[in-house]
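Working notes, structure below.
Just follow the structure's listing: the first ligand is 1, and inside any ligand the first atom is 1.
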Amino acid sequence: MPNILDGRELSKKIKERIKKEIELFERKPRIDFLYFEDDKSTEVYFTRAKKQAESIGIIASLHNLPINTSEKDFLTLIEYLNNEKETSGIMIQMPLPKHINKKNVYETISPKKDVDSISHINLGKIFIGGSNLAPCTAKSAFALIEESGIQIEGSNAVVVGRSEIVGKPLAHLLLQKSATVTIAHSKTKNLKDICRNADILCVSIGQSEFITGEYIKEGAVVIDIGINVLDDGSLKGDVNFEEASKAASYITPVPNGVGSVTVAILFENLIYLHKNLH
Ligand code: NDP
């Protein structure tokens, strides 16, 4: 059996560390969550995140916006929060409603308050290297690898999926630690062979159990970022856990893997921004 990389354990560890740090702050950090009323799953996620924030001394404010909020009004709210002294971080629901251009949002949110590191400036800093911020999901996947003491330097890492907020930043985080990184996507040829060469295989494609046992090298570290909700309401990753477990040395489960770390990493990013602001 492989070692299970349990996201709940890492999340607890990060939050305990942050709680101790916040106790020493004169001014409590505040995070503002922005989302639209039609998105029930984001509402559940942000409401839970608010509760967790408050349990470690973070002030959290939910902004549940009418679905017909215009792009202009949405950007005005972001600008207002950019200038609001009490706010240290702004977290925005993704994907946005179709009538709001995400590029305009990425350009409007202040890099100083961009807690999910989606602004062009913060994404660019990941490319240059040495940034403490990264989009929460990518950083969570990376943290699970790094905190387990897995050898990254010199490893062959394959990241399947090239989205701006998961695949690309994760690939750069691994590159910074001197992995040899391959980024695969829907047009990649011989995906199976490429994956079978991976010492560290990270998958973020949004297709339930697409990666079967045949894609896994003996002893590989398998990081499954996908969250797919099946018709019966159960959650599956992008990797077939049972098959992959036969070859993997380390593997993340779904649920209780990467997705369980993202809120703690969000708070870690918030504390970093808060310390820079004050
Ligand atoms: P996107 O849809 O933005 O990107 C998917 C990527 O996967 C694209 O680059 C696409 O390639 C690639 N892809 C799709 N199908 C294949 C295939 N058959 N073979 C190879 N590559 C493929 O998704 P996200 O990155 O935002 O999310 C991916 C998954 O991660 C989803 O299941 C999502 O629910 C989950 N997720 C989990 C989070 C968590 O907290 N754990 C948070 C965010 C997302 P191309 O670019 O060529 O189209």
Closest by any non-hydrogen atom to [atom]: pick that one out of [options].
| atom | options | result |
| --- | --- | --- |
| atom 12 (C) of ligand 1 | Asp238, Ile225, Val263, Ile205 | Ile205 |
| atom 46 (O) of ligand 1 | Met94, Arg162, Lys236, His185 | Arg162 |
| atom 39 (C) of ligand 1 | Leu170, Val229, Ile211, Ile227 | Ile227 |
| atom 42 (C) of ligand 1 | Val203, Ile183, Thr137, Thr188 | Thr137 |
| atom 6 (C) of ligand 1 | Cys136, Ser140, Ser204, Gly167 | Ser204 |

Side chain, backbone, both or neither: which part of Val160 comes within less than 4.0 Å of ligand 1 when only heavy atoms are counted?
side chain
Counting only heavy atoms, which portion of Gln207 has something under 4.0 Å from ligand 1: side chain, backbone, both, or neither?
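Under 4.0 Å from ligand 1, Gln207 contributes side-chain atoms alone.
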Keeping the roles fixed (side chain from Ser131, backbone from Leu133), state whether a donor-acceptor pair exists under 3.5 Å.
yes
Suppose clustering is done on Ile, Leu, Val, Met, Phe, Trp and Tyr with side-chain heavy atoms closer than 4.5 Å. Which residues sit in the same group as Val158?
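Reading the cluster by chain and number, Val158 sits alongside Ile4, Val160, Leu191, Ile194, Leu201, Val203, Ile205, Phe210, Ile211, Tyr215, Ile216, Val222, Val239, Phe241, Ile251.
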Looking at Glu23 and Lys20, is any side-chain nitrogen of the basic one under 4.0 Å from a carboxylate oxygen of the acidic one?
no
Below the 3.5 angstrom mark, is there an N/O of Leu191, backbone or side chain, next to an N/O of ligand 1?
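No, there is no polar N/O contact under 3.5 Å.
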Lys187 N/O to ligand 1 N/O under 3.5 Å:
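No, there is no polar N/O contact under 3.5 Å.
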Distance (rounded to the nearest 0.5 Å) between Lys217 NZ and Asp199 CG:
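Lys217 NZ to Asp199 CG: 4.0 Å, rounded to 0.5 Å.
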Could you tell me which atoms of ligand 1, counted from 1 in the order shown, lie closer than 4.0 angstrom to a heavy atom of Val166?
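Checking each atom against Val166, I get 25 (O).
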Results of ring-ring contact (aromatic ring centres under 6.0 Å, His included) for His172 - residues two or more places apart only
Phe127
I'd like to know if atom 32 (O) of ligand 1 has any protein heavy atom within a distance of less than 4.0 Å.
yes
